[in-house]
Amino acid sequence: MEKKEAPKSSLDALVSLCKRRGFIFQSSEVYGGFAGFWDYGPLGCELKRNIKESWWRFTVRDREDVEGLDASIIMHPAIWKASGHLDTFSDPMSMCKGNCRKLMRADQIWDVFGDSAIKAALEPMLGDAGKIATWCKGKGKAVAPGLYTVQHPEYLEAIFETLKGVTDVKALFVLLATPPGEPEALPCPNCGGVMTEPRPFNLMFKTVVGPVDDPSNVAYLRPETAQAIFAEFPNVMVSARQMPPFGIGQVGKSFRNEVTPRNYIFRSREFEQMELEFFIKPDEAVELLCGHVAPLTPETDLSEPQADWGWECWHKYWVEQRKLWLVRNGLPADSFVEYWQKPDELAHYARACVDIEYRFPFGTQELEGIAARSDFDLSRHQEHSGKSMEVFDEPLKLAVKRLSDDEKAAFRAKTVAAWEARGKTAEAANIFLDRLFEGKYIPHVIEPSAGVDRMALAMLCNAYEEQKLVDDKGREDVRTVLHLAPAIAPVKVAVFPLVKNRPELYALARDIFKRLQRRYNCFWDETGAIGRRYRRQDEIGTPFCVTVDFDTLEKDGTVTLRDRDTMQQERISVDDLIRKLDDLILG
RNA sequence: GCGGGUGUAGCUCAAUGGCAGAGCUCCAGCCUUCCAAGCUGGCUACGAGGGUUCGAUUCCCUUCACCCGCUCCA
């Protein structure tokens, strides 16, 4: 049997298979489709469900330090104010229609212009039409490639006289940027191109809560599941009797009004996330409790969480856990890359962020991210809601009590210095320390956040193979196989009667099917030749096919179990089959 | 949002200003003792709207969707 050396799927072949076999359909197809939305068919919804269940078991249920949550999709709009999602995108925005496509707040265009290379170039030339014309035909091509007079220097003649009289750099810029006959427009300060009319721009979907369609009733569909976890942090911690380090996991839909949904289900407007917010003690608390914070080195044993771990160990731990999950679910370690964001790429609140990127056919793209977000989110919610997000840690208070005044002063001095080195104020550090010495702190958070849909896509891409086979008679044939991990495969086992026109054989196969069906998602197929039935299952990734034949009926009751990947068969009793499947599916 | 391309059956693709065709799939039947066998029969399509025309799947316009490139991705 040839092994999978064949080039990875072109996405087209996979898209076609997914539609033909009922994995994924375009939303609202009978009405011409609806960009950015997808429907999962009979097999697709099983696949997605399996991915989510595997994540949930691994992240929540198999652990004692993670709790689950299923929060509402529409929440108090103040949540998005606190998180910063609302401010960033609620202002009118203009986009450059020229080369650079920059998107910026309409009221800030002139501010940006004030610092721009274009302004610096134009200002000294004010009133000198000849110089300006020369610039447009020369250096301007590099500085302002989108400027109308740079692209159409012949127009300079028509405005040559006007140019002489312009004494204001903004007016000059507008004149050079405006095509003849067009109304004067604000040009792009970055490239000189024409900007779109300012439009309200919000990547959150808006809706109205209550029957009255009034701006005061506006609410938003959540653009991420994380904020609900932060908002419910105190409730979950208290009701579940947890203390940091512990996490809250959630799987659910999120919505983003993406500018360009593309690459099949990779970026859609409605999508599903699997997010864990893992709350940890600040490093300072760990140090007070343990006397030190474990350093993260290549030798650090990350298999079991330890009390002396600081955020670095915890962050790395979750990176490793996530990779372990990916590999267990069928994505080989060499199919994805781990990208550690550089310090200048990090959001201001993040201390570290790792993207796990999968090699999709359309490029290497983010599959999930594991961010160390400090106490940013909980602090913001404490600030905006007025409700405490602090944890009271009695052992910490006792540990502080045991310190002498000198030791406390030394700890304070060391901490203040460390905070100042990170660009924070001594005042902030002292406020934090005052609370910490009382045993109180806002937890920090490690956030592994994965997209269900892109996970499904990665697993499908990885699983897809077109195998060239040659049969006994030398005939060539192509076998399409999805090598999905058994735990992820939509159908676990298919049951066939070898022939359907022998009533006893048929009835026995039905019995076996019914028995298996109580445990797994099974498939019954009695039509067509047996080989065709195997191939149908190969194409949807069913790991096992069970055929009931005359030996089952007349000899020992064993069935044949056929393996999807090797196409090999073995005879096995139904009880052994169940044991084997339990083992493969439950891990 | 811009530029280029594409929309015909479940899938992959033809042809055509005048009855829209194939292969595969699917369904029914016959046959069938393990890898897409064979035979017979069957279902199913011109993305949507408007215009030109005696007549439009074909030409034109608009729109929707998809693909490629730019852009965006808090």
Side-chain angles (χ1 to χ4, degrees), chain A residues 1 10-13 15-22 25-37 41 80 83-90 93-104 146 193-197 199 201-204 223-224 226-227 256-264 266-269 271 347-350 362 365-366 369 451 467 469 471-473 475-481 496-502 505 526-539 545-554 559-564 567-569 571:
Chain A
M1 201 57 44
S10 82
L11 199 55
D12 286 349
V15 170
S16 166
L17 183 146
C18 284
K19 180 167 189 199
R20 184 156 34 90
R21 290 303 190 189
F25 309 120
Q26 191 180 22
S27 168
S28 318
E29 196 188 78
V30 293
Y31 287 100
F34 200 45
F37 298 93
W80 309 114
S83 69
H85 287 87
L86 199 48
D87 285 341
T88 327
F89 285 99
S90 60
M93 306 286 276
S94 282
M95 187 187 260
C96 173
K97 292 197 283 187
N99 312 33
C100 80
R101 312 282 168 211
K102 272 260 190 294
L103 186 68
M104 61 189 87
V194 176
M195 301 289 287
T196 59
E197 286 291 311
R199 279 170 301 194
F201 195 92
N202 198 318
L203 291 185
M204 286 195 290
E224 61 174 40
Q227 295 305 321
R256 293 184 195 184
N257 211 343
E258 296 285 356
V259 180
T260 312
R262 216 169 261 192
N263 288 330
Y264 200 31
F266 180 79
R267 178 172 295 120
S268 51
R269 293 187 162 122
F271 58 101
H348 64 280
Y349 50 80
F362 46 82
Q365 297 270 345
E366 184 182 342
Q467 269 182 349
L469 302 180
D471 71 7
D472 307 340
K473 294 157 201 146
R475 247 180 347 163
E476 280 204 7
D477 184 20
V478 174
R479 181 173 85 118
T480 305
V481 199
F496 314 139
L498 184 58
V499 293
K500 68 172 169 182
N501 56 2
R502 298 287 191 282
L505 183 72
E526 61 183 50
T527 63
I530 194 75
R532 174 187 295 267
R533 286 181 259 168
Y534 286 141
R535 298 299 177 84
R536 281 183 190 135
Q537 297 306 311
D538 290 342
E539 205 178 35
C545 294
V546 165
T547 301
V548 176
D549 62 12
F550 289 90
D551 282 0
T552 318
L553 192 62
E554 292 156 7
V559 295
T560 68
L561 175 65
R562 182 258 194 189
D563 182 275
R564 173 196 65 198
M567 294 168 75
Q568 298 300 305
Q569 287 179 289
R571 294 209 73 90

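So that the names make sense, note that chain A is the first sequence line, chain B the second, and so on, each numbered from 1. Just the heavy atoms: all of them, side chains too, but no hydrogens, waters or symmetry mates, feed the values below.
A donor-acceptor contact shorter than 3.5 Å is absent between the side chain of D12(A) and the backbone of V15(A).
In this entry the distance linking CG of L561(A) with P of C35(B) reads 16 Å, nearest Å. As a whole-Å value, the separation of F496(A) CZ from C35(B) C1' is 10 Å. Rounded to an integer number of Å, the gap from N501(A) CG to C31(B) P is 7 Å. Rounded to whole Å, atom P of C70(B) lies 14 Å from atom CZ of F362(A). Between R502(A) atom CZ and U32(B) atom P the separation is 7 Å, expressed in whole Å. Atom-to-atom, CZ of R533(A) to C1' of C35(B) comes out at 11 Å; the value is rounded to the nearest Å. Put simply, CZ on R267(A) is 13 Å from P on C70(B), counting in whole angstrom units. To the nearest angstrom, C1' of C24(B) lies 19 Å from CZ of R479(A).
To the nearest 0.5 angstrom, T560(A) atom OG1 is 8.0 Å from L498(A) atom CG.
Among the atoms of the strands shown, base atoms are found under 4.0 Å from some heavy atom of T547(A). Among the heavy atoms of the strands lying under 4.0 Å from T560(A) is at least one base atom, whether or not backbone atoms are also near. Here V30(A) lies out of heavy-atom contact (under 4.0 Å) with every strand. The residue D551(A) sits apart from the nucleic acid: no heavy atom pair falls under 4.0 Å.
Across all strands shown, C2(B) forms a Watson-Crick or G-U wobble pair, both distances under 3.5 Å, with G69(B). Under the Watson-Crick or G-U wobble criterion, with both distances below 3.5 Å, G38(B) is paired with C30(B). Searching all strands for a Watson-Crick or G-U wobble partner of U16(B) with both distances below 3.5 Å returns nothing. Under the Watson-Crick and G-U wobble criteria, each requiring two contacts below 3.5 Å, nucleotide G7(B) is paired to C64(B). Here C59(B) sits opposite G51(B) as a Watson-Crick or G-U wobble pair (both hydrogen-bonding atom distances under 3.5 Å).
Between S16(A) and G531(A), the residue whose closest nucleotide on RNA chain B is further toward the 5' end is S16(A). A residue-by-residue look at R571(A) and Q365(A) shows that R571(A) has its nearest nucleotide of RNA chain B further toward the 5' end.
Both thresholds, 5.5 Å between centres and 30° between ring planes, are met by F550(A) relative to the base of U33(B), so the two rings are stacked.
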* E224(A) vs H85(A), side-chain contact (heavy atoms from CB on, under 4.5 Å): CA-CA, chis, key distance, verdict -> CA-CA 10 Å; E224(A) 61 174 40; H85(A) 287 87; 3.6 Å; yes
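With sequence neighbours excluded, no residue satisfies side-chain hydrogen bond (donor to acceptor under 3.5 Å, both in side chains) with E366(A). Partners of F25(A) according to the ring pair (Phe, Tyr, Trp, His ring centres under 6.0 Å) rule, which considers only residues two or more places apart in sequence or in another chain, do not exist here. F266(A) pairs by the ring pair (Phe, Tyr, Trp, His ring centres under 6.0 Å) definition with F360(A), F362(A), not counting sequence neighbours. F34(A) meets the ring pair (Phe, Tyr, Trp, His ring centres under 6.0 Å) test with F37(A); sequence neighbours excluded.
Applying the 90° cutoff around 0 to the glycosidic angle, C66(B) is assigned anti.
Each of R479(A), Q467(A), R533(A) was compared with D538(A) under the side-chain hydrogen bond (donor to acceptor under 3.5 Å, both in side chains) criterion, and only R479(A) meets it.
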Every protein N/O lying under 3.5 Å from an N/O of nucleotides 25-29 of chain B:
residue	atom	partner	partner atom	Å
U25(B)	OP1	R532(A)	NH1	3.1
C26(B)	OP1	R536(A)	NE	2.6
C26(B)	OP1	R536(A)	NH2	3.1
C26(B)	OP2	R532(A)	NH1	3.1

Please enumerate all protein N or O atoms sitting under 3.5 Å from an N or O of nucleotides 62-66 of chain B, with distances to 0.1 Å.
residue	atom	partner	partner atom	Å
C64(B)	O2'	G32(A)	O	3.4
A65(B)	OP1	A35(A)	N	3.3
A65(B)	O4'	G32(A)	O	3.1
A65(B)	O3'	Q26(A)	NE2	2.9
A65(B)	O2'	Q26(A)	NE2	2.7

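Distances shorter than 4.0 Å separate none of the side-chain N or O atoms of K19(A) from OP1 or OP2 on G10(B).
Here the side chains of R536(A) and T527(A) are in contact, with some heavy-atom distance below 4.5 Å. At least one side-chain heavy atom of R535(A) sits under 4.5 Å from a side-chain heavy atom of D477(A).
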